[in-house]
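Residues take their numbers from the sequence shown, with the count starting at 1.
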Amino acid sequence: YSVYVATTGTAPTYYILQIPFSVATNSVSIGVTREFAQGSPLWRAEMGLNATTITFKRYDEAAPAANGYIQGSITYQTA
């Protein structure tokens, strides 16, 4: 997935993306995400049991830098 961080307004400290298939009821997934702008900090991507979304946050839960791109990947078992 890839997300652009706009420069206007207040940037959220986390993002939620819809996924095409639900996560299996016995599976939790964690992925790695990186923001490409100032500093390129690591983010984490999380998917809970039977989830239909990915939530990703910066490691220190701060807002991302403006004009950045957040890219990452996660592998999960489908329901």
Side-chain angles (χ1 to χ4, degrees):
Y1 52 86
S2 180
V3 175
Y4 173 70
V5 178
T7 59
T8 58
T10 303
T13 57
Y14 66 92
Y15 292 87
I16 297 175
L17 296 177
Q18 293 289 340
I19 56 175
F21 305 104
S22 296
V23 177
T25 57
N26 62 347
S27 176
V28 175
S29 297
I30 297 173
V32 177
T33 307
R34 180 154 229 134
E35 177 260 319
F36 295 92
Q38 296 96 357
S40 300
L42 287 175
W43 289 52
R44 68 181 184 272
E46 302 170 347
M47 299 169 71
L49 300 173
N50 209 28
T52 58
T53 60
I54 300 172
T55 301
F56 56 102
K57 302 176 183 181
R58 197 169 133 160
Y59 73 96
D60 60 0
E61 301 201 9
N67 293 329
Y69 285 92
I70 300 169
Q71 295 180 331
S73 63
I74 192 168
T75 302
Y76 64 99
Q77 180 180 356
T78 59

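S22 approaches T52 most closely through the heavy-atom pair OG-CG2, 3.4 Å. Across all non-hydrogen atoms, the minimal contact from S29 to Y76 is OG-CB, 3.2 Å. A pairwise comparison of heavy atoms in L49 and T25 identifies CD2-O, 3.3 Å as the closest pair.
If you run side-chain contact (heavy atoms from CB on, under 4.5 Å) between M47 and each of I19, I30, V28, only I19 comes through. Each of Y15, Y59, W43 was compared with T33 under the side-chain contact (heavy atoms from CB on, under 4.5 Å) criterion, and only W43 meets it.
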* To do: With side chain to side chain contact (heavy atoms under 4.5 Å, CB included) as the test, would you mind laying out the steps for R44 and K57 before giving the verdict?
  => CA-CA 6 Å; R44 68 181 184 272; K57 302 176 183 181; 3.7 Å; yes

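Taking hydrophobic clusters as Ile, Leu, Val, Met, Phe, Trp and Tyr residues chained together by side-chain heavy-atom distances below 4.5 Å, F21 does not share a cluster with I16.
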